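Here is the structure we will look at.
For the numbers below, each heavy atom of this structure counts, side chains included, while hydrogens, waters and symmetry mates do not. As the structure is a computational prediction, the values presented were derived from the model and not from experiment.
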Amino acid sequence: MQAKKPWEVRHLDTMEMWKFGDYKHYTRLELLAAVFGIPTSKDGIDGSQVNSTFYHENDLEKIKKNTAP
């Protein structure tokens, strides 16, 4: 059996499905996790809050607890 070249492999681009005709090139992972009922570690803080949590609150444990998978 001969290996197929990448352009010969038929695939379904799930990004095209989740865009729903929108022009953006991304879908938030939190949205997909919620749709599929997959638990996410993003319930506490998001990346934009890490800096102030670390430097202003000095709370490394909060960052580790709420951002680690």
Taking side-chain contact (heavy atoms from CB on, under 4.5 Å) as the test, write out the residues that go with [X], two or more places apart.
{"X": "N58", "result": "none"}
{"X": "V9", "result": "K4"}
{"X": "I38", "result": "A33, F36"}

Minimum heavy-atom distance I63-V50, with the two atoms named
CD1-O, 3.7 Å

What pairs with E8 under side-chain hydrogen bond (donor to acceptor under 3.5 Å, both in side chains), at least two apart in sequence or on another chain?
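If we apply the side-chain hydrogen bond (donor to acceptor under 3.5 Å, both in side chains) test to E8, skipping adjacent residues, there are no hits.
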
For the NZ atom of K64 and the CG atom of D59, what is their distance to the nearest 0.5 Å?
10.5 Å

